[in-house]
Amino acid sequence: MRVGEVCLRVFDLDEARRHYGERIGLIETHKGDRDKLYYKASDEHDIYSLVLMQSDTPGIEYFAFKTYADSDLERFEKALTEYGLTVEHIPAGTYPRSGRRIQFRLPSGHLMQIYAQKDQIGNGMPTHNPGTIPDEGYIRGMRVIRLDHILLGSSEIMRNREIFTSIFEMSISEELISHEDETRIAIFLTGSNKPHDIAFVLQPDGNRFHHISFLLESVNDLFHAGDLIGKYNIAVDVSPNRHGVTRGATIYFFDPSGNRNEVFTGGYVHYPDTPQLTWDTSQIGRATFSHDNMPRQSFLDVLT
Ligand SMILES: [Fe+2]
């Protein structure tokens, strides 16, 4: 259904709490683990979608997709095993208030999990006569609505492409290819109506993290996020702009450990019959940042 959980490594949990909780406005929902923080965004029902863990090295620890039915896990395990990956079983309850999971290392080096059950605590509004907004104070900081997508880097992205399309039956919404030899530089994949749920970018090393993106309701909220980023001196990578790929409006900035974050809004609706789009590197400025058509070296090179 979606990327339902991302676990990032951070240097300092107090700094991370200020950044992800107070500034971005995520809601801390589960407490009790000494070395981890658990967050959800305002319009998510599941108890958490972001886990932060204390570490001496920033980057991504694992990510997890939520699938609709528990029986999907057997089907995916069989297909992944036949593909040649080693699949581990994680019993229910290993992760707080979550059902069983399967876990495997992708050819890109990233650790991925799939699960079907996690407790739902709601979005601050009842399910009967819900109204339109939760109580004052529930939506705060940058007013993020949900975890939207992640972008990961690796020297091996083509076998991930095969796994995500053939086994997980996701669609390629867009690709960026080299204009010289048509090598795939970036692959954008969707399992929903979003222009992307996950993307992979070609990098010299495996198991790299490029960014985690949170959805905003509007471009007005994007500008409001930019105001907060300036007010609190949050390190910016790219100030408000619009992607060619996905057509989403964007700001990129960094958490205190150097992990890149994005706030994102807009972009088109992807249907199963929407044609795949291709960009080539002769237009890399337009593909990445279409207000000035300027590629940013930091955006291409800085990963955790
Ligand atoms: Fe993004």
Side-chain angles (χ1 to χ4, degrees), residues 2-6 8 19-20 24 26 41 44 49-50 58-60 63 65 108 110 142-154 157 160-161 164 170-176 184-203 208-219 221-223 225-226 229 234-255 258-270 277 279 284-292 294-304:
R2 61 177 174 272
V3 55
E5 183 174 324
V6 176
L8 297 182
H19 179 82
Y20 286 95
I24 293 185
L26 294 165
E44 291 173 331
S49 58
L50 176 67
I60 188 164
F63 69 94
F65 266 70
S108 62
H110 299 95
M142 296 186 198
R143 306 174 187 157
V144 297
I145 294 172
R146 65 163 194 243
L147 166 61
D148 193 83
H149 63 268
I150 51 173
L151 196 159
L152 305 175
S154 179
I157 61 173
N160 279 23
R161 182 182 188 273
F164 275 76
M170 289 173 63
S171 306
I172 298 166
S173 54
E174 307 200 30
E175 286 186 313
L176 172 68
R184 287 184 177 84
I185 309 291
I187 302 163
F188 300 83
L189 291 141
T190 178
S192 66
N193 283 130
K194 290 149 66 175
H196 57 341
D197 285 282
I198 189 167
F200 298 102
V201 61
L202 192 62
Q203 286 286 315
R208 303 289 278 165
F209 174 73
H210 191 276
H211 70 266
I212 182 169
S213 184
F214 301 100
L215 187 73
L216 300 177
E217 189 172 279
S218 67
V219 171
D221 280 354
L222 191 86
F223 219 82
I229 288 167
I234 295 169
V236 179
D237 188 18
V238 184
S239 57
N241 211 305
R242 185 186 291 279
H243 290 303
V245 173
T246 75
R247 301 203 307 253
T250 179
I251 304 175
Y252 286 104
F253 52 100
F254 294 100
D255 78 6
N259 295 309
R260 187 185 280 97
N261 299 160
E262 178 183 32
V263 283
F264 174 91
T265 187
Y268 52 80
V269 175
H270 186 275
L277 306 177
W279 299 80
I284 192 164
R286 196 176 298 279
T288 49
F289 299 107
S290 67
H291 281 185
D292 50 19
M294 289 257 297
R296 267 78 170 170
Q297 207 56 44
S298 62
F299 185 72
L300 305 174
D301 295 346
V302 177
L303 290 87
T304 51

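Note that the numbering runs from 1 along the sequence shown for the chain. Note that ligands are numbered from 1 as they come in the structure, with each ligand's atoms numbered from 1 the same way. Reckoned from all heavy atoms, side chains included, excluding hydrogens, waters and symmetry mates.
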Would you please classify the geometry between the His211 ring and the His149 ring as parallel, tilted or perpendicular, with 30° and 60° separating the classes? perpendicular

For His196 and Phe264, I'd like to know if the aromatic rings sit close, meaning centre-to-centre distance below 6.0 Å. yes

Per side chain to side chain donor-acceptor pair (under 3.5 Å), Tyr252 is matched among Arg260, Arg296, Glu262 by Glu262

Atoms listed for the Fe ion (ligand 1) (protein only, N, O or S, under 2.8 Å, no waters) are His149 NE2, His211 NE2, Glu262 OE1

**Asked** Do Asn160 and His110 meet the criterion of a side-chain donor-acceptor pair at a distance under 3.5 Å?
**Response** no

By ring pair (Phe, Tyr, Trp, His ring centres under 6.0 Å), Phe214 pairs with (sequence neighbours left out) none

Hey, does the side chain of Thr304 reach the backbone of Asn259 with a donor-acceptor pair shorter than 3.5 angstrom?
no

